[in-house]
Amino acid sequence: MRVAMCTTEAVPFAKTGGLADVAGALPLALKKVGVECFVTMPFYNSIFKKEHKFEKIKSKLNVSMNENNEEFFDVLVSEIGGINFYFIKKDDFFDRNYLYGTPKGDYRDNGKRFSFFSKAILEVLEELDLSVDTIHLNDYHCGLIPVYLREIKKNNLPNKDFFRNTSTVFTIHNLAYQGIFSKEILDYNGLGDKYFNIRGLEFYGKINFMKGGILFSDKITTVSPSYSKEILTPEYGHDLDGVLRSRQKDLSGIVNGIDYVLWDPEKDSKIVKNYSLNNLTGKKECKDYLINKYFNKEYIDNPLIGVISRLSEQKGIDLIIESMKDILGKGYLLIILGTGEEKYHIMLKKLKKENIGRLSVHILYDDGLARRIYSGSDLFLMPSKYEPCGLGQLISLRYGTVPAVRDTGGLSDTINNIGSEDDIEAGGTGIKFKKYTPKDLLKSLDTALEFYNNGRLWNKIIKNGMDKDFSWKNSAREYKKLYSS
Ligand code: ADP
């Protein structure tokens, strides 16, 4: 079985969020369960690090986007752990400082960029003779691929035979980012007015790429079972719940894993001291390091909360900001690492100035610091408004840092709640709260504090979490089953 994984980001090449972790790790995990997989993604000239080596294998391929417009591109390849990554190099679209847009907003030509990307992928598969059983599409950027495939089959195009046995799986990592563009994009991408209707790509007078992925792929998945149900409701459906309900029988949820080699407190070279389930002494050193460097030393024994997140409304940053005074008032220390919306940058920097010694804020993207926070914190706070899967809580479990999360989506599926000692004995791994309110969040932190003050119980919670297996093994098996179906 052979699968093409199509994505706009993948570790170790380019990452803005969880999609990159998935696209980097899942192919390797699939390989281990007997699925041959390669990745196709854009070539981001200015983002890629010098250490990565690429080989150009095709020059000046072209796709005709419409009758009057041909786009030219090159194809490069790089191999990591036996997985080939094929890169579509078209610098006027992808050689930029950011993947999707600047902090001020999305790039205005994203509709063109990702129409081209979708069409170019099909060209690459054919040109390199990479026939596959399944094309696995991720998020709206690949949403037009099943639409182009449909066109090829319907219009009896010469490449029809090449794709005869190719199925498509479309994975929604975050339904909020749908790729909505004005109707004119249909002129550029050649799909034309026939898709401007309710059974096509039309969406409130505009064009919606994610809708294309949902309507025209063979199977649809989301990254956790709970989220796959939530998105069928108006509350979580981002106006696509009706479209999703029309495909309900082909929709399922497969929870993400994390790469247990890349995320391993026993081997992680970027943390202060390594530790393991059986010997946690290093974790204390990791915490001491953070306190000595970023906090007032007199708080060395206070519980430390870490937050590593995109700074966006989805992640519950408003809730954290609203609750800040009370969180710190309870004796917690808080370290926040993230980038995102400018309004949060401003608010958090202000709060930092007002709470020196107890609040540490880092507005940047920094993998090393993230690892030092995962390893050195006592708790990891993730109060998301909605959460398709979430990786932060899984990494925290692996690093023995107790997640305090809102009970939604993937957070519901991956954390076993502890409300009592019995829950801890039964394997509880974190604290969940239901309502998106400061009151509920603070109550959950009260519960955490009770357990934190009882060393034996706290250790048991840590060990319960570290004992869990959220590696990709199980999820890869589930994807294999889905591809086979
Ligand atoms: P998202 O919705 O952003 O994809 P996830 O929890 O699924 O959220 O994944 C986020 C990933 O990005 C995690 O691996 C997390 O550690 C990482 N991350 C987020 N912000 C930062 C940052 N500022 N610096 C380093 N890593 C970050």
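Just follow the structure's listing: the first ligand is 1, and inside any ligand the first atom is 1.
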message: Does this structure show an ion pair linking K330 with D446, if we count only N-O contacts that are shorter than 4.0 Å?
response: yes
- prompt: Less than 4.0 Å between a side-chain N and a carboxylate O, is that true for R310 and E341?
  reply: no
- prompt: Would you call D109 and K112 a salt bridge, taking side-chain N to carboxylate O under 4.0 Å as the test?
  reply: no
query: Sequence neighbours excluded, which residues qualify as side-chain contact (heavy atoms from CB on, under 4.5 Å) partners of D378?
result: K287, P303, L304, Y452, W458
- prompt: Salt bridge or not for K104 and E342, using N-O below 4.0 Å?
  reply: yes
message: Side chains of T233 and D241 only: does a donor on one sit below 3.5 Å from an acceptor on the other?
response: no
- request: With a 4.0 angstrom cut-off on heavy atoms, strictly below it, pick out the residues next to ligand 1 and order them by chain and number.
  value: K15, G17, G18, D21, I308, S309, R310, K315, L337, G338, L364, Y365, D366, A370, Y374, M382, G390, L391, G392, I395
